[in-house]
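Only heavy atoms go into these numbers, but all of them, side chains included; no hydrogens, no water, no symmetry mates.
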Amino acid sequence: MILAAGLTPAWQRILRFGQLQLGEVNRAVEAYACASGKVINVGLALHALEASQAKTLALIGGETGDAIEREFAQSGVTARWVPSSRATRVCTTLLEDNGRTTELVENAAPASAEELEAFAAAYREEASSAAVAVLTGSLPQGTPREYYRQLLDAAAVPTVADIRGPELMAMLAAPQPPLVVKPNREELAATLGRPLTSDDELLAGMRQLNAAGAPWVVITQGARAVWATSRQAAYRLQPPTLPVVNPIGCGDCMAAGIAWGIAQGWDVPDAVRLGIAAAGDNVTQLLPARIDRQRVEHLTSSVVIERLDV
């Protein structure tokens with residue numbers, strides 16, 4: 001089983017416009033609503049890749065949490081829900097016909113100490129039988145920065161961590177740090193507290209995370225090349241050029257693809273290649289993480305991988 005775990009899911013509204021005019025009344029051409037947020041997207045993508053291996057663990061509450069639970073039940077997606085006294089947040093994506101995307105993000109409400117402990121207990125139980133875990137998403141306001149580190153310590157399972165900032169650095173100090181950490185370029189720069197303008201600066205920042213404990217660091221940068229480093233090797237992977245419908249959830253689908261590949265026993269660079277293909281399929285779809293395994297497998301051969309001499 002591959003476990004997708006996180007505390008900040010979202011109910012997503014997607015509105016499409018011809019062109020947005022700030023300060024004016026804008027009428028949407030189309031409107032959609034669906035379960036989303038990083039942990040939900042990872043869980044949905046894993047289900048699409050291999051339903052029998054996927055399970056989602058998330059903290060949900062209120063009417064929006066009920067809507068997420070109903071969608072998962074109707075779609076046959078396996079999940080375990082930890083109840084929250086606060087309603088699950090709502091995030092809104094604004095899509096324009098010119099390709100521009102605007103994301104309106106509501107921060108997750110604080111979680112109580114009891115809710116955090118209930119989630120940790122559920123994680124310990126589910127991760128004990130997982131082949132791979134994905135820990136993803138920001139922490140609710142007021143949650144200790146070491147919370148994800150505590151989850152790592154509680155279950156010895158290969159982990160993909162899509163996390164940034166002090167929470168990520170705390171995880172790298174664990175006796176068994178995540179096998180793969182996957183921030184994007186901007187998140188890595190913010191985590192390290194310095195700009196990463198050139199590729200040499202990017203690689204130096206990635207090596208810093210390797211030295212801090214990360215066996216593998218994978219960095220995304222939108223449609224541009226993906227970089228992957230271990231302590232011994234570095235790779236650059238070029239995604240295929242695809243028509244962009246909605247980029248939201250691409251990083252989450254990539255994390256799911258990496259985790260799925262690792263669960264199959266693949267080397268990390270090959271798993272990253274599949275993750276890039278999953279992200280590529282996602283960007284061509286309107287709703288996030290509604291990918292298709294056959295399309296993903298077809299796209300994998302279009303990902304160009306290069307080992308670098310560094």
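For E63, the CD atom sits in a loose shell: 12 or fewer heavy atoms of surrounding residues, nucleotides or ligands are nearer than 6.0 Å. Surrounding CZ of R149 are more than 12 heavy atoms belonging to other residues, nucleotides or ligands, all under 6.0 Å away. Environment of CZ in R293: crowded, with over 12 heavy atoms of neighbouring residues, nucleotides or ligands closer than 6.0 Å. The 12-atom threshold is not exceeded at CD of Q294, counting heavy atoms of other residues, nucleotides or ligands nearer than 6.0 Å.
Annotation: side chain of W227 is in contact with side chain of L203 (closest heavy-atom distance under 4.5 Å). Counting only heavy atoms from C-beta outward, the side chains of P288 and C34 approach each other to under 4.5 Å. The shortest distance between side-chain heavy atoms of T191 and M169 falls below 4.5 Å. Side-chain contact between I60 and P83 is absent, with no heavy-atom pair separated by less than 4.5 Å. Between L104 and T93 there is no side-chain heavy-atom pair separated by less than 4.5 Å. Proximity of L209 to L192: side-chain heavy atoms (C-beta onward) are separated by under 4.5 Å at one or more points. Inter-residue side-chain proximity for P178 and L152 is flagged as met; some heavy-atom pair is nearer than 4.5 Å. In this structure, the side chains of I40 and F72 come closer than 4.5 Å at one or more pairs of heavy atoms.
For the atom pair CG (L46) and CD1 (I2), the distance works out to 5.0 Å, reported to the nearest 0.5 Å. Here L196 contributes atom CG and Q221 contributes atom CD; the two are 10.5 Å apart, rounded to the nearest 0.5 Å. Of the inter-residue distances, the one linking D281 atom CG with Q285 atom CD reads 5.0 Å to the nearest 0.5 angstrom. Atoms CD and OG1, on E126 and T56 in that order, are 10.5 Å from each other to the nearest 0.5 Å. In this structure, R290 CZ and H47 NE2 are separated by 11.0 Å, a value rounded to the nearest 0.5 Å. The CG atom of L139 lies 7.0 Å from the CD1 atom of I163; values are rounded to the nearest 0.5 Å.
Here the side chain of T159 pairs no donor or acceptor atom with the backbone of A161 at under 3.5 angstrom. In this structure, the side chain of T88 engages the main chain of G61 through a donor-acceptor pair within 3.5 Å. With hydrogens and angles disregarded, no donor-acceptor distance shorter than 3.5 Å links the side chain of S75 to the backbone of V77. Between the E201 side chain and the S198 main chain, a donor and an acceptor come within less than 3.5 Å of each other. Side-chain atoms of Q141 come within 3.5 Å of backbone N or O of A108 as a donor-acceptor pair. At least one donor-acceptor pair under 3.5 Å links the side chain of T8 to the backbone N or O of S138. Without hydrogens or angle criteria, R185 side chain to T197 main chain gives a donor-acceptor distance under 3.5 Å. Under the 3.5 Å distance criterion, the side-chain polar atoms of E115 are matched with a main-chain donor or acceptor of S85. With hydrogens and angles ignored, the 3.5 Å screen pairs no side-chain donor or acceptor of D162 with any backbone N or O of T136. In this structure a side-chain-to-backbone donor-acceptor pair under 3.5 Å is present from R273 to V303.
Here E167 does not pair with R145 in a salt bridge; the nearest charged N to carboxylate O distance is not below 4.0 Å. Using a cut-off of 4.0 Å between Lys/Arg side-chain N and Asp/Glu carboxylate O, R80 and E125 are scored as salt-bridged. One finds no salt bridge joining D153 and R124 here, because no Lys/Arg side-chain nitrogen approaches an Asp/Glu carboxylate oxygen to under 4.0 Å. Remark: E106 does not engage R89 in a salt bridge, criterion side-chain N to carboxylate O under 4.0 Å.
Residues A130 and V157 share a closest heavy-atom pair of O-CG2, 3.4 Å. What you find for L274 and G257 is that their closest heavy atoms are CD2-O, 3.4 Å. Contact detail for I68 and A10: the closest heavy-atom pair is CD1-O, 3.6 Å. When all heavy atoms of P177 and A174 are compared, the closest pair comes out as CD-O, 3.4 Å. Across all non-hydrogen atoms, the minimal contact from D270 to W266 is O-CE3, 3.9 Å. The heavy-atom pair separating P183 from L168 by the smallest distance is CG-CD2, 4.4 Å.
By the criterion of side-chain heavy atoms lying less than 4.5 angstrom apart, applied directly or through intervening Ile, Leu, Val, Met, Phe, Trp or Tyr residues, L95 is not grouped with V90; the two fall into different hydrophobic clusters. Under the 4.5 Å side-chain heavy-atom criterion for Ile, Leu, Val, Met, Phe, Trp and Tyr, V268 and V132 are members of the same hydrophobic cluster. Linking ILVMFWY residues whenever their side-chain heavy atoms come closer than 4.5 Å, directly or via other members, leaves L20 and Y32 in distinct clusters. Residues L57 and L116 fall within the same hydrophobic cluster, defined by Ile, Leu, Val, Met, Phe, Trp and Tyr side chains chained together at heavy-atom separations under 4.5 Å. In this structure, W216 is not a member of the same hydrophobic cluster as M171, with clusters built from ILVMFWY side-chain heavy atoms closer than 4.5 Å.
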Audit row: Q208, R194, side chain to side chain contact (heavy atoms under 4.5 Å, CB included) steps and yes/no: CA-CA 12 Å; Q208 186 174 337; R194 65 176 188 269; 2.9 Å; yes
Could you please spell out the steps behind the side chain to side chain contact (heavy atoms under 4.5 Å, CB included) verdict for I262 and V180? CA-CA 10 Å; I262 292 169; V180 178; 4.0 Å; yes
So L15 and E30, side chain to side chain contact (heavy atoms under 4.5 Å, CB included) or not? Walk me through it. CA-CA 6 Å; L15 305 177; E30 293 179 299; over 6 Å; no
Between T101 and L94, does a side chain to side chain contact (heavy atoms under 4.5 Å, CB included) hold up when you go through it step by step? CA-CA 6 Å; T101 301; L94 310 179; over 6 Å; no
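A side-chain donor-acceptor contact under 3.5 Å links N210 and T229. W260 and Q53 form no side-chain donor-acceptor contact under 3.5 Å, judged by distance and modelled atom types alone. E103 and Q12 share a side-chain donor-acceptor pair at under 3.5 Å.
Checking N282, V42, L49, I276 one by one against C253, the side chain to side chain contact (heavy atoms under 4.5 Å, CB included) holds for a single residue, N282. When each of V160, N184, V226 is tested with V218 by the rule side chain to side chain contact (heavy atoms under 4.5 Å, CB included), just one qualifies, namely V226.
Aromatic ring orientation, Y147 versus F119: tilted (interplanar angle from 30° to 60°).
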